[in-house]
Amino acid sequence: MRNIALDKLRNIGIIAHIDAGKTTTTERILFYTGRTYKIGEVHDGAATMDWMVQEQERGITITAAATTCHWKDCNINIIDTPGHVDFTIEVERSLKVLDGAVVVFCGVGGVEPQSETVWRQADRYGVPRLCFVNKMDRTGSDFGEAIKQIREKLGANAAAIQVPFGHEENFKGLVDIVDMKLYNYKDDLGKDMEIKEIPAEMQEEVAKYRNELVEKVAEVDDKILEAFLSGQAVSNADLKKAIRVGVVTSRFVPVLCGSSFKNKGIQLLLDAVCDYLPSPLDLPAAKGTDPATGEFEEIKLADDAPLCALCFKIATDPYVGKINYVRIYSGTLKSGTYIYNSTKRVRERVTKLVKMHANRQEIVDSLSTGEIGAAVGLKETKTGDTICDEGNQILLEAMRFPEPVIQQSIEPKSKDAQEKLGMALHKLAEEDPSFRITYNQETGQSLMAGMGQLHLEIIVDRLLREFNVGVQVGTPQVAYRETIKKAVNSTGKFIQQSGGRGQYGHCVIEMQPQETPGAGITFENKIKGGAIPQEFIPAVKQGIMETSKSGVIAGYPVTDIAVTLVDGSYHDVDSSELAFKMAAGMALTDGMRKAHPVLLEPIMDMEVIVPEEFMGAVIGDLSSRRAKIISLAKKLNVNIIKAHIPLAETFNYATISRSLTQGRASYTMEPSFYAEVPSHIAEKIISGVASTGNARRIQ
């Protein structure tokens with residue numbers, strides 16, 4: 001049963017660069033809305049929203065935490081997200097289901113590296129935003145510079161709706177330039193606040209900011225534009241209405257200020273959330289596709305409509321097991337009922353519904369349209385899955401998960417823990433789609449991949465604390481390949497006599513490099529006149545394919561060779577499938593040695609997004625890594641570098657690129673093709689393999 005009107009609902013996220021004050025701001029919101037009776041501090045490890053042990057120890061947010069609070073006549077669902085780039089998946093999936101966001105900036109640092117990343121993520125999902133310039137009490141804070149950077153670095157149509165009253169350590173409150181009132185804080189807890197007229201010494205500054213605000217809002221509202229051009233005064237009510245329209249349509253971004261740590265500005269931030277950020281009714285209706293027809297359908301925003309919800313996050317609770325965080329787009333989800341997972345095409349039962357307050361649960365009977373909560377009991381539902389009524393099936397747009405950028409090998413410290421480790425890694429990968437675990441058959445390693453070094457460190461820490469599995473991690477081996485440079489003829493003859501029936505197989509093959517890279521090993525039979533009986537041809541092919549798994553240079557798999565069987569001979573009694581299989585293997589090995597064999601390495605297709613001032617450093621570093629620059633392009637306020645780079649040169653790139661660009665660069669990478677390893681590097685690889693005894697020799 002709905003307890004609050006849909007137009008009074010706000011689903012918001014708190015997003016920012018690391019250490020801008022997101023969690024501190026959220027803690028104050030919870031305190032002033034009466035959700036908590038005591039303010040929890042991040043530096044004490046006592047913040048409500050940072051409930052994980054790893055978060056409390058490091059003083060950073062690792063996982064997005066959800067909560068609900070009430071302010072004035074609005075119900076606000078809040079997701080506090082991490083600021084560290086390694087946990088960007090938490091921001092990504094939160095923004096997917098949110099209707100608005102508060103972007104927190106440091107008054108000293110302004111627009112910092114991860115600020116740009118989360119802003120671009122919000123752009124991608126079309127999420128309306130407010131900006132909150134925090135830490136105005138800090139030495140070096142500059143409100144005007146922060147607004148300038150928001151406009152220049154983020155390309156936002158932004159203007160202040162508040163200005164600070166007092167500077168740095170003398171920051172006492174703020175002036176609301178919409179209502180034209182001064183809010184002066186009288187106590188340290190931020191509860192005793194007096195509302196006064198704007199002092200005479202601030203009138204000129206406030207008038208400048210007010211005029212700038214009207215000018216920016218005029219770009220999105222015709223009524224304000226007409227008043228601005230004709231020099232008429234704009235009423236506070238009209239200005240407030242126009243700001244809301246600009247925010248909801250993502251054409252205007254209001255900028256607020258305060259100091260969360262010093263308890264100043266939070267109440268007015270909450271007012272702005274209620275006044276300017278959209279309810280679910282203010283935004284275009286979500287769209288999905290009919291699984292049967294593939295046609296788009298608009299989702300009706302009503303409690304009595306068919307159910308449509310998205311699972312955007314999975315967490316594991318030590319007591320109740322798996323919890324699926326869901327956003328309800330239409331209909332009502334009730335506890336104890338069956339739902340249909342249209343992504344997996346399975347029917348599941350919801351055993352319990354809860355509203356989350358960080359890691360604490362409040363049991364509810366139902367979740368209505370627009371609400372965010374969590375379901376217990378869903379066994380097959382994963383992150384990004386759509387749940388709906390079985391009779392009214394619909395599929396929401398799939399979620400986008402970033403590709404891992406760093407990987408390490410992982411193995412248990414004891415062999416007894418192998419199975420336990422596998423189960424633990426599976427659970428962690430289910431929770432976090434940006435964490436992947438694979439097994440490399442060629443190197444015999446289990447590889448874990450994530451968004452950065454810290455990401456993988458947290459995974460290892462959780463394995464030990466939550467699953468009691470100690471592990472050893474290391475760097476993975478690159479999966480090299482071997483191929484040939486010229487065409488050759490090769491003969492393989494396997495003759496064995498040991499008394500009685502012997503073994504006889506003889507084949508002649510032609511080998512040449514493939515015309516198309518990536519074609520692998522191909523086999524063609526051109527035997528004429530029955531030189532080798534037809535029943536032995538499959539054995540020859542099998543011998544070629546099996547032997548190609550281990551090359552002659554360093555024992556790496558062979559690729560991109562076209563093999564043609566052209567001649568051979570057989571013995572009526574001694575010939576067998578085994579003999580021809582052995583003969584074919586010997587022919588391939590002999591041919592490899594004669595055909596100028598070379599080592600190949602995987603080349604990655606890389607795209608780096610970097611601000612202009614760091615272009616030279618990034619290109620220089622890529623060149624030192626044997627990268628080949630394919631193209632350079634400019635988009636808005638960033639440059640896009642596309643390059644081909646050897647995988648072996650990328651293992652520490654996440655860390656290096658951040659240090660080169662103050663963390664402001666981001667990149668994606670995917671396998672593209674194999675290319676010949678330069679001879680001086682190939683020698684090191686071959687000698688390294690030989691020294692560790694990993695080369696697989698073929699006699």
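For E212 (side chain) and A160 (main-chain N/O), no donor-acceptor pair under 3.5 Å exists by modelled atom type.
Defined by atom type and a distance below 3.5 Å, a donor-acceptor pair is present between the side-chain atoms of T25 and S260. Under 3.5 Å, the side chains of D7 and S279 contain no donor-acceptor pair of N or O atoms. Checking H70 against T33 by side-chain atom types alone, no donor-acceptor pair falls below 3.5 Å. Looking only at atom types and distance, the side chain of N77 has a donor-acceptor partner in the side chain of T68 under 3.5 Å away. In this model, a donor atom of one side chain and an acceptor atom of the other lie less than 3.5 Å apart for N184 and E194. For E204 and Y209, the side-chain atoms include no donor-acceptor pair closer than 3.5 Å. Side-chain contact check for Y125 and E92: at least one donor-acceptor pair (N or O, by modelled atom type) lies under 3.5 Å. Judged by distance alone, the side chains of N157 and R251 never bring a donor and an acceptor atom under 3.5 Å apart.
The neighbour count for E226 CD, taken as heavy atoms of other residues, nucleotides or ligands under 6.0 Å away, does not exceed 12. Within a 6.0 Å sphere centred on NZ of K322, other residues, nucleotides and ligands contribute more than 12 heavy atoms. For K172, the NZ atom is loosely surrounded, since the number of other residues' heavy atoms within 6.0 Å does not exceed 12. No more than 12 heavy atoms of other residues, nucleotides or ligands shown are found within 6.0 angstrom of CG on D222.
Note: W119 and F105 have tilted aromatic rings, judged against thresholds of 30 and 60 degrees for the angle between ring planes.
Screening D282, I12, D99, N11 against L277 for a side chain to side chain contact (heavy atoms under 4.5 Å, CB included) leaves a single residue, I12. Exactly one of E27, R28, K135 qualifies for a side chain to side chain contact (heavy atoms under 4.5 Å, CB included) with F261. That residue is R28.
Between K313 and E430 there is no salt bridge, since no side-chain N of the basic residue sits under 4.0 Å from a carboxylate O of the acidic one. Electrostatic pairing of K355 and E371 counts as a salt bridge here, judged by a charged N lying under 4.0 Å from a carboxylate O. K181 has no carboxylate O lying under 4.0 Å from a charged side-chain N of D176, or vice versa, which leaves the two without a salt bridge. With respect to the salt-bridge test (charged N to carboxylate O, under 4.0 angstrom), the residues K240 and D275 qualify. Ion pair K223/D238 flagged as a salt bridge, since at least one NZ, NE, NH1 or NH2 atom sits closer than 4.0 Å to an Asp/Glu carboxylate oxygen. Ion pair E169/R138 not flagged as a salt bridge, since none of the NZ, NE, NH1 or NH2 atoms sits closer than 4.0 Å to an Asp/Glu carboxylate oxygen. Classification of E613 and R664 as a salt-bridged pair holds, one side-chain N sitting under 4.0 Å from a carboxylate O.
Taking 4.5 Å as the limit, some side-chain heavy atom of L310 sits within range of a side-chain heavy atom of M399. Contact annotation: the side chain of V103 never approaches that of L130 to less than 4.5 Å [non-hydrogen atoms, C-beta and beyond]. Residues I161 and V255 have side chains not in contact (no heavy-atom distance under 4.5 Å, counting atoms from C-beta outward).
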Next item on the list: Evaluate the side-chain hydrogen bond (donor to acceptor under 3.5 Å, both in side chains) criterion for residues D303 and T332: first the C-alpha distance (whole Å), next the side-chain angles of each, then the deciding distance (0.1 Å), finally the verdict.
Entry: CA-CA 6 Å; D303 292 343; T332 303; 4.6 Å; no
Note to self: With side-chain contact (heavy atoms from CB on, under 4.5 Å) as the criterion, how do W71 and Q267 come out once you've worked through the C-alpha distance, each side chain's angles and the decisive distance to 0.1 Å?
What the structure shows: CA-CA 9 Å; W71 184 252; Q267 295 97 327; 3.9 Å; yes
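Minimum heavy-atom separation, A286 to Y329: CB-CD2, 3.9 Å.
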